[in-house]
Amino acid sequence: MMNPAVSSPLPFARDELAQMRVRYERDGFLQIESLTTAEDISRIRSLIDPLFERFDTLGSSAVDLGGPRDPSTPPRQPEVNDTIKLAPELRKTKAYARCREIARALLGVPVGHIFDHAIYKPPHNNTATAWHQDAVYKQGPVPLRAVNFWIPLQPATIENGCMWYLPGSHLAGLQPHHVIHLRPGGETADTRGKSFAMDSVDESRAVPCPVALGGATAHDPLNAHYAGANTTDGWRRAWILHFGAFGKLRHLLHPNSVTARLRAIANR
Ligand SMILES: O=C(O)CCC(=O)C(=O)O
């Protein structure tokens, strides 16, 4: 387990990236001790915090993952989708460049950004992120090959809701999930999608991944994971970046996608 201090990233050696790949392929996730600097994390916060300050004005980008609530009460687990579209400077951060470099090494092919979001958990939010595989949210015609990075914007601890993983669970494919609740939007009770939970999980095998400021985790979209409720007096903030093999082009140009689009047009 990592000591939650501050990280000081050095350039990755080729060997180090190769070892990361071995662990990633075996376990389906990685704990990355030194992804970026404390200054870079401050910069990221200065770009993302204002989005949460205007959460109620973000339209379909704002979601409460905490599920239905009385609209007069604040969101329990606010999520902002497409942070980079809303704050394009995020693309220039060191964290973005390092995640891209790691994803390239882990997947062994050119990669591109395919999705990003941020999840903030207010103090004592009483809401965990249920066990799930990210792939349940992305069941398209093209199999996902991606690396999903989770970058805490303060040290992440068991108490404030760090990530937990089930080592090797990515090797068993997509498992049955069920809908736990609908997701209300930022300013209204309109629902924006569904939250899923895996039907069964052997939690005795789960590994918590606390990380220092400047550290991160990375996981395969098929790896089962969970993040606890924030039981502390401070906020738990995380920025999440997905890099996919050949980026968005793979999804647009893959023969399965093209066939699916043609079918949809024919069925109109
Ligand atoms: O931050 C969280 O609470 C959960 C994040 C998560 O499940 C993910 O990034 O896939």
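Side-chain atoms are counted along with the backbone in the values below, which use heavy atoms only and exclude waters and symmetry mates. All residue numbers refer to positions in the sequence shown, counting from 1. Numbering of ligands and ligand atoms starts at 1, following listing order.
- Within the 4.5 Å cutoff, the side chain of Cys162 has no heavy atoms near those of the Val211 side chain.
- Checked against Tyr120 for a side-chain contact (heavy atoms from CB on, under 4.5 Å), the options Leu51, Asn230, Val80, Leu153 give a single hit: Leu153.
- Identified under the side-chain hydrogen bond (donor to acceptor under 3.5 Å, both in side chains) test for residues 161-170, with sequence neighbours left out: Tyr165-Thr217, Tyr165-His219, Ser169-Asn223.
- Ordered by chain and residue number, the residues placing a heavy atom less than 4.0 Å from ligand 1 are Gln77, Ile119, Lys121, Thr129, His132, Asp134, Trp150, Met163, His219, His225, Ala227, Arg236, Ile240.
- A salt bridge links Glu89 with Arg43: the distance from a Lys NZ or Arg NE/NH1/NH2 to an Asp or Glu carboxylate oxygen falls below 4.0 Å.
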Under 3.5 Å, which donor-acceptor pairs do the side chains of residues 260-268 form with other protein atoms, sequence neighbours left out?
from: Arg261; atom 1: NH1; to: Leu252; atom 2: O; distance (Å): 3.3
from: Arg261; atom 1: NH2; to: Leu252; atom 2: O; distance (Å): 2.8
from: Asn267; atom 1: ND2; to: Arg263; atom 2: O; distance (Å): 3.3

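- The side-chain hydrogen bond (donor to acceptor under 3.5 Å, both in side chains) analysis of residues 100-109, with sequence neighbours excluded, yields no pairs.
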